[in-house]
Amino acid sequence: MQKKERFTRFIEYFTQHYPEPKTELNFGNPYELLVAVILSAQCTDKRINQISPALFARFPEPESLAAASADEVFTYIRSVSYPNNKAKHLVGMANTLMNQFGGEIPATVEELQTLPGVGRKTAHVILSVVYNEPTMAVDTHVFRVSHRLGLAPLTATTPLAVEKALMAHIPKQYVPKAHHWLILHGRYVCLARSPKCDVCALTEFCKYYEKIKPGFVGMS
DNA sequence: ATCCCGAGGG
DNA sequence: CCCTCTGGAT
């Protein structure tokens, strides 16, 4: 199947079955989303949602977070991955927001990436979710699912290469939705360790399934 | 043992 | 390119 048709089928399927996808991270404003996304690195969204209410209550805006100690922030995030690094990142991020951006969340990749703890992936999530800009944040799910579905070539071995492959074929108005589609598909169907190919509707054009599918129905 | 919406540093 | 940070779920 041609690559263009893969993208067409991918978009058609999710447009029909999941027309309004959105992040599963809980947040009430761009600042809270930024905090949640920084925390979400190598951690499940469910865990972030468990600890974020107390964190947001104690640090409701960049000003209070900037004035906090990393040690205190640590006590709120000790159950997420890399709590020491992330506590420092959050305090540094809030300080940069206050000192360089007047406490507002910047709206460009370049400015966002000057914030401690914010790399290309996190910056693109903010731009996509907050500003609805056509940026493709490539995380572990997007990376894996894109390869399996044949939306990115196997030669795309870095997140940036996968990002470019996707951006070259997804119409701009679908990019923010496609980001969530790839994540949700990866999280609930196309799992890293044991993908649920038996309930997947996309096996017809999946390169991964093409390799692992049984040769005969019913064989053990 | 492997994975989860990675980023910073060497 | 590599390595480290690091807790909880499966």
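Sequence lines set the chain letters: A, B, ... in the order given, protein chains first and strands last, and positions in each chain run from 1.
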Engineer: Mapping A:Leu25 and A:Gly117 onto DNA chain B by nearest heavy atom, which one lands closer to the 5' end?
Structural biologist: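 The residue closer to the strand's 5' end, by nearest nucleotide, is A:Leu25.
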Engineer: Quick one, A:Glu111 and A:Thr108 - any side-chain contact, counting heavy atoms below 4.5 Å?
Structural biologist: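 SC-SC contact between A:Glu111 and A:Thr108 confirmed.
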Engineer: At 4.0 Å (heavy atoms only), tell me whether A:Thr122 reaches a base, stays on the sugar-phosphate, or touches nothing.
Structural biologist: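 Sugar-phosphate, no base atom in range.
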Engineer: Can you tell me how far apart CZ (A:Phe74) and NZ (A:Lys86) are? Round to the nearest 0.5 Å.
Structural biologist: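 The distance works out to 12.0 Å.
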Engineer: Check the distance between B:dG6's P and A:His124's NE2 and give it to me in whole angstrom.
Structural biologist: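 Checked: the NE2 to P distance equals 15 Å.
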Engineer: Under 4.0 Å: is that the gap between some side-chain N or O of A:Arg193 and OP1 or OP2 of B:dC4?
Structural biologist: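 For B:dC4, neither OP1 nor OP2 has a side-chain N or O of A:Arg193 closer than 4.0 Å.
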Engineer: From the set C:dT6, B:dG8, B:dC4, return the single nucleotide nearest to any side-chain atom of A:His141.
Structural biologist: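 Per side-chain heavy atoms of A:His141, the pick is B:dC4.
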Engineer: Output the single nucleotide from C:dG7, B:dC3, B:dC5 whose closest atom is nearest the side chain of A:Ser79.
Structural biologist: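 Out of C:dG7, B:dC3, B:dC5, the nucleotide with an atom closest to A:Ser79's side chain is C:dG7.
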Engineer: Between B:dC5, B:dC3, C:dG8, which one does the side chain of A:Thr23 approach most closely?
Structural biologist: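 Closest nucleotide to the A:Thr23 side chain: B:dC5.
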Engineer: Does the side-chain ring of A:Tyr82 sit on the six-membered ring of the B:dA7 base, less than 5.5 Å centre to centre and under 30° in tilt?
Structural biologist: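 It does not: the ring fails the test against the base of B:dA7.
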Engineer: Please report the distance, rounded to the nearest Å, between CZ in A:Arg47 and P in C:dG8.
Structural biologist: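 For the pair A:Arg47 CZ and C:dG8 P, the rounded distance is 6 Å.
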Engineer: For the C1' atoms, the ones on B:dG8 and on C:dG8, what distance do you get once it is rounded to whole angstrom?
Structural biologist: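 Comparing C1' positions in B:dG8 and C:dG8 gives a spacing of 23 Å.
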Engineer: Nearest-Å distance, CG (A:Leu33) to P (B:dC5)?
Structural biologist: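 Whole-Å distance recorded here is 15 Å.
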Engineer: From the set B:dC5, C:dG7, C:dA9, return the single nucleotide nearest to any side-chain atom of A:Thr44.
Structural biologist: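 That would be B:dC5.
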Engineer: Of the listed nucleotides (C:dT6, B:dC5, B:dC4), which one gets closest to any side-chain atom of A:Arg187?
Structural biologist: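 The answer is B:dC5.
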Engineer: Would you mind reading off the distance between A:Met93 atom CE and B:dG8 atom C1', rounded to a whole angstrom?
Structural biologist: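 To the nearest whole Å, that distance equals 16 Å.
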Engineer: Rounded to whole angstrom, note down the P distance from C:dC3 over to B:dT2.
Structural biologist: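 Approximately 15 Å lies between the P atom of C:dC3 and that of B:dT2.
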Engineer: What is the distance, rounded to the nearest whole Å, between atom NZ of A:Lys88 and atom C1' of C:dC5?
Structural biologist: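 Rounded to the whole Å, the gap is 10 Å.
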Engineer: Please work out if A:Arg78 contacts a base, only the sugar-phosphate, or nothing of the nucleic acid, heavy-atom cut-off 4.0 Å.
Structural biologist: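 Contact class for A:Arg78: sugar-phosphate only.
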Engineer: Would you tell me if any nitrogen or oxygen in the side chain of A:Thr140 comes within less than 4.0 Å of OP1 or OP2 on B:dC5?
Structural biologist: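 Answer is no, no contact under 4.0 Å.
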Engineer: Quick one: which of C:dT6, B:dC5, B:dC4 gets closest to the side chain of A:Val125?
Structural biologist: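 My answer, after comparing the listed nucleotides, is B:dC5.
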Engineer: Checking all strands, does A:His179 fall into the base, sugar-phosphate, or nothing category for heavy-atom contacts under 4.0 angstrom?
Structural biologist: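 The answer is base, as A:His179 lies within the cut-off (heavy atoms under 4.0 Å) of a base atom.
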Engineer: Can you work out whether A:Thr158 or A:Asn84 has the more 5'-proximal nearest nucleotide on DNA chain C?
Structural biologist: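 Closest to the 5' end, via its nearest nucleotide, is A:Thr158.
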Engineer: Counting any heavy atom closer than 4.0 Å, what does A:Pro116 reach on the DNA or RNA strands: base, sugar-phosphate only, or nothing?
Structural biologist: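 Answer is sugar-phosphate: A:Pro116 comes under 4.0 Å of backbone atoms only.
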Engineer: How long is the straight-line distance from CD1 of A:Ile212 back to OG1 of A:Thr203, given to the nearest 0.5 Å?
Structural biologist: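 Result: 9.0 Å between the selected atoms.
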Engineer: Apply side chain to side chain contact (heavy atoms under 4.5 Å, CB included) to residues A:Leu39 and A:Leu55 and explain how you reach the verdict.
Structural biologist: CA-CA 11 Å; A:Leu39 290 175; A:Leu55 182 68; 3.6 Å; yes
Engineer: Write down the distance separating the P atoms in B:dA7 and C:dA9, rounded off to the nearest Å.
Structural biologist: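 My reading of the P atoms in B:dA7 and C:dA9 gives 24 Å.
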Engineer: Rounded off to whole Å, could you give me the CH2-to-C1' distance for the A:Trp181 and B:dC5 pair?
Structural biologist: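 Rounded to the whole Å, the gap is 18 Å.
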Engineer: What does A:Ser81 touch in the nucleic acid at a heavy-atom separation under 4.0 angstrom: a base, only the sugar-phosphate, or nothing?
Structural biologist: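 Answer is base: heavy atoms of A:Ser81 come under 4.0 Å of a base.
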Engineer: Checking contacts here: which listed nucleotide (B:dC5, B:dC3, C:dG8) is nearest the side-chain heavy atoms of A:Ile183?
Structural biologist: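 Among the listed nucleotides, the one closest to the side chain of A:Ile183 is B:dC5.
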Engineer: How many angstroms lie between CD1 in A:Ile11 and OG1 in A:Thr15, if you round to the nearest 0.5 Å?
Structural biologist: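 Here the rounded value is 6.5 Å.
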Engineer: For the residue pair A:Phe14 and A:Trp181, does the interplanar ring angle fall in the parallel (under 30°), tilted (30 to 60°) or perpendicular (over 60°) class?
Structural biologist: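 Correct class here is parallel.
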Engineer: How long is the span from the CD1 atom in A:Ile126 to the CD1 atom in A:Ile38, to the nearest 0.5 Å?
Structural biologist: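 If I round to the nearest 0.5 Å, the distance is 7.5 Å.
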Engineer: Nearest whole Å is fine: how far is B:dA7 P from A:Leu34 CG?
Structural biologist: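 About 11 Å, once rounded to whole Å.
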Engineer: Between B:dC5 and C:dT10, how far apart are the P atoms? Round to whole Å, please.
Structural biologist: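 My reading of the P atoms in C:dT10 and B:dC5 gives 12 Å.
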Engineer: Looking at every strand, decide which applies to A:Val37 at a 4.0 Å heavy-atom threshold: base, sugar-phosphate, or nothing.
Structural biologist: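 No contact at all - A:Val37 keeps every heavy atom at 4.0 Å or more from the nucleic acid.
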Engineer: Nearest-Å distance, CD (A:Gln113) to C1' (B:dG9)?
Structural biologist: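 The answer, rounded to whole Å, is 15 Å.
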